[in-house]
Amino acid sequence: MEYTDEDVQRPSVHECNSKLGAIGDALYVIGGKWRLRIIVALKEGGTRFNELQRMIPGISPRVLSNELKELEINGFLTRKVFTDIPVIVEYRLTEYSQTLDPVMGALVEWGEMHRAKIRQDDRQIPEPIAQEATL
């Protein structure tokens, strides 16, 4: 028996919109250039603001501060202030942040596969042949 597209039951418009909404929610929370990098840095042991900034090359203090606030609002990390002198602020991942582990694993796997595909495609592109001048 051959497989055809007709054998697959297509989702309804409502199901499709629901799934697109869920994907949009996920991308809103973890999307962007920095959030997953911050989570990885926290997993690697960074806890203080300056440590995190050193661990994530290219991130500005303002952007790091905003991203940490967003991650806290969404339940991925906690912020603890120690009022000693000097004041120390530590960031820790929550248990909820572990729910991203399978997502991050899938992203790593897909990213490695995609990078290999792009490299393979680049090798298969023939060099342009110079046209001879015609008189």
> Can you pull the side chain to side chain donor-acceptor pair (under 3.5 Å) pairs that have at least one residue in residues 97-112, sequence neighbours excluded?
Replying inline: K43-D101
>> Which Ile, Leu, Val, Met, Phe, Trp or Tyr residues join I73 in one cluster when any pair of side-chain heavy atoms under 4.5 Å counts as a link?
In response: none
> Residues two or more places apart in sequence or in another chain: which of them pass side-chain hydrogen bond (donor to acceptor under 3.5 Å, both in side chains) with R92?
Replying inline: E90
Distance-only donor-acceptor pairs under 3.5 Å for side chains of residues 63-72, two or more places apart:
from, atom 1, to, atom 2, distance (Å)
N66, ND2, R62, O, 3.4
E67, OE1, R35, NE, 2.4
E67, OE1, R35, NH2, 3.4

>> I118: which residues meet the side-chain contact (heavy atoms from CB on, under 4.5 Å) condition with it, sequence neighbours left out?
In response: H114, D122
>> Which Ile, Leu, Val, Met, Phe, Trp or Tyr residues join I85 in one cluster when any pair of side-chain heavy atoms under 4.5 Å counts as a link?
In response: none
>> Could you go through R37 and I59, starting from their C-alpha distance and side-chain angles, then the distance that decides it, and tell me whether this counts as side-chain contact (heavy atoms from CB on, under 4.5 Å)?
In response: CA-CA 10 Å; R37 292 175 186 186; I59 193 167; over 6 Å; no
> Can you name the salt bridge (Lys or Arg N to Asp or Glu O under 4.0 Å) partners of E51, sequence neighbours left out?
Replying inline: none
> Hey, any chance L77 and I88 share a hydrophobic cluster, counting ILVMFWY side chains that come within less than 4.5 Å of each other, even indirectly?
Replying inline: no
> Looking at residues at least two apart in the chain, or sitting in another chain, which of them share a side-chain contact (heavy atoms from CB on, under 4.5 Å) with P57?
Replying inline: none
> Among all residues two or more places apart in sequence or in another chain, which pass the salt bridge (Lys or Arg N to Asp or Glu O under 4.0 Å) test with R79?
Replying inline: none
> salt bridge (Lys or Arg N to Asp or Glu O under 4.0 Å) with K80: which residues, sequence neighbours excluded?
Replying inline: none
> Residues sharing L27's hydrophobic cluster, by side-chain heavy-atom contacts under 4.5 Å among ILVMFWY, directly or via others?
Replying inline: I23
> Which one of T47, L52, I38 satisfies the side chain to side chain contact (heavy atoms under 4.5 Å, CB included) criterion with Y91?
Replying inline: L52
> Between atom OG1 of T78 and atom OH of Y96, what is the distance when rounded to the nearest 0.5 Å?
Replying inline: 15.0 Å
>> According to side-chain contact (heavy atoms from CB on, under 4.5 Å), who are the partners of M55, at least two apart in sequence or on a separate chain?
In response: A41, E44
>> Tell me whether V87 shares a hydrophobic cluster with F49, the cluster being built from Ile, Leu, Val, Met, Phe, Trp, Tyr side chains joined at under 4.5 Å.
In response: yes
